[in-house]
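Naming convention: chains lettered A, B, ... in sequence-line order (proteins, then strands); numbering from 1 in each chain.
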2 protein chains.
Amino acid sequence: MPKNTFYNLSDEKKTRIFDAALQEFSKRSFSASSLNQIIKNAGIPKGSFYQYFDNKEDLYLCFLEYASKENAELLSNFKGMEPDVDVFETVMNETREFHEKGKIMPKYIEVAMLMAVDNSEFILKIRKSSTDRYVKMVERDKERGLIKPEVDSELVINMISAFSYNEYFRNGSDKERYLKNLSNALKIIKDGIKNTEITKE
Amino acid sequence: MPKNTFYNLSDEKKTRIFDAALQEFSKRSFSASSLNQIIKNAGIPKGSFYQYFDNKEDLYLCFLEYASKENAELLSNFKGMEPDVDVFETVMNETREFHEKGKIMPKYIEVAMLMAVDNSEFILKIRKSSTDRYVKMVERDKERGLIKPEVDSELVINMISAFSYNEYFRNGSDKERYLKNLSNALKIIKDGIKNTEITKE
DNA sequence: TCATTATATGACTACCCGGTCACACTATAG
DNA sequence: CTATAGTGTGACCGGGTAGTCATATAATGA
């Protein structure tokens, strides 16, 4: 847990620290990340950092909490689940939105990707809760007769998120290419699980 | 490429080095791995190591070659690209074989998984060449009229490998579950890109 | 005003890393 | 026996890391 001195800091300084943390934690996994790099980017002296946090782990945990709050706020705009839009369109729209919004969000994707490798219990919990929302969308689409009922909803979401993370990394700065590939992959999955029976009345 | 001095080493010493490399490369990604740790475990002095190899990358490449030879007989069953088997069946068969054979294999699997997550340019190059084989299979299936011609072959392989790596990590020790999920995912992708036109004569 | 407390700071420690190099040793050939 | 070439070796280099600490400065309260 960060010390009181951290919470007493100006918002501007706190933001600067979190921004620097985001830069670093989205580039390297926790164990490979450099605290020196973070404080350099944040423009705060080494000594000051240790006035605010116990150590690197302390910062990481605090950062994750902050990041998931940021995340939740942004996603709340979409929570509505518009009735005419299927899960694939939603994923695509939200991803596109991520990129248009300040370009900060995609960095969180990288953080998540690097977290996935660490595979700690703590991270599994966060990931689970973030995919649940999409799993529910798949299930809704099943009920609407758009998707074969025997399909494993969680598996579909795992396919999408795995590809999304991976592809995001692979394409580096070429975001257009990433979005195009994601769109193509979504189309393949959609065609692969679409309900061919005419059960709609 | 290792130097002659390495090949002139006793088999016992060579094995000791590869064993130590396996231990390290299965625990940490290439860029996170420690050469010092490897030579310590292998019980050879730093100076000697550089008599055998140019650098850490040299050892890694050499180790990969050795590892893939170790599994040579395993993969040789499949290398032939049997004419009646499509890319999906091949992936599934190879994966199953990979996991069912031997107790040494899991370590090598860890190496492969960590490789998938490492983003250094060095690793990217290696990874590319290893997926090429599967990309070619997709293209062959296209020519055979099994897969829609407009599909991006590389994208398909990326979807499969991303899911495979991710799912492997997610399911931890539950290999049966992993294989089942992979099978289901392959089915979805297959259905998503199968050629529905009747162009076969 | 002055003493006390909280915060700011960067030089410093100890320990990693990959890689080099001068030197020691050994084997072979003349 | 001696010269030479091949191999073994660990101290060392430059640069990175996380974390510490004495001291300087600012803020606070009596």
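When the P atom of dA8(C) is taken as reference, atom CD1 of Ile44(A) falls 9 Å away, rounded to whole Å. Between Glu24(B) atom CD and dC16(C) atom P there is a gap of 14 Å when expressed in whole angstrom units. Regarding Ile39(B), its CD1 atom lies at a distance of 13 Å from the C1' atom of dC16(C), rounded to whole Å. Rounded to whole Å, the distance from CG on Leu35(B) to C1' on dT20(C) is 13 Å. If you take CZ of Phe49(B) and P of dT9(D), they are 15 Å apart, rounded to a whole angstrom. For the pair Tyr50(B) OH and dG10(D) P, the computed distance is 16 Å after rounding to whole Å. We find that CD1 of Ile38(A) is positioned 10 Å from P of dT17(D), with the value rounded to whole Å. Atom pair Lys3(B):NZ and dT20(C):C1' shows a separation of 11 Å (rounding to whole Å applied).
Of the candidate nucleotides dG19(D), dG18(C), dT17(D), dT17(D) has the atom lying nearest to any side-chain atom of Ser34(A). Of the listed nucleotides (dG19(D), dA8(C), dT9(D)), dA8(C) has the atom at the smallest distance from the side chain of Ser48(A). With dA8(C), dG10(C), dT17(D) as the choices, the nucleotide that has an atom nearest any side-chain atom of Asn36(A) turns out to be dT17(D). Set against dG8(D), dG18(C), dG19(D), the side chain of Leu9(B) has dG8(D) as its closest nucleotide. In the set dA8(C), dT7(C), dG19(C), dT7(C) carries the atom at the smallest distance from any side-chain atom of Asn8(A). Picking from dA11(D), dT20(D), dT9(D) the nucleotide with the shortest atom distance to the side chain of Lys46(B) gives dA11(D). Checking dT7(C), dG18(C), dG8(D) against every side-chain atom of Thr5(A), the shortest atom distance belongs to dT7(C).
Tyr52(A) comes within 4.0 angstrom of the backbone, heavy atoms only, and of no base.
By the 4.0 Å N-to-carboxylate-O rule, Arg28(A) lies close enough to Glu24(A) to be salt-bridged with it. Between Asp11(A) and Lys14(A), at least one side-chain nitrogen of the basic residue sits less than 4.0 Å from a carboxylate oxygen of the acidic one, meeting the salt-bridge criterion.
Two residues, Gly47(A) and Asn4(B), neighbour DNA chain D, and the one matched to the more 5' nucleotide by heavy-atom proximity is Asn4(B).
For residues 53-62 of chain B, every residue pair satisfying the side-chain hydrogen bond (donor to acceptor under 3.5 Å, both in side chains) rule, not counting sequence neighbours, is listed here: Ser33(B)-Lys56(B).
When ring centroids are compared, Phe6(B) and Phe18(B) come within the 6.0 Å threshold. Between Phe163(B) and Phe163(A), the distance separating the two ring centers is not shorter than 6.0 angstrom.
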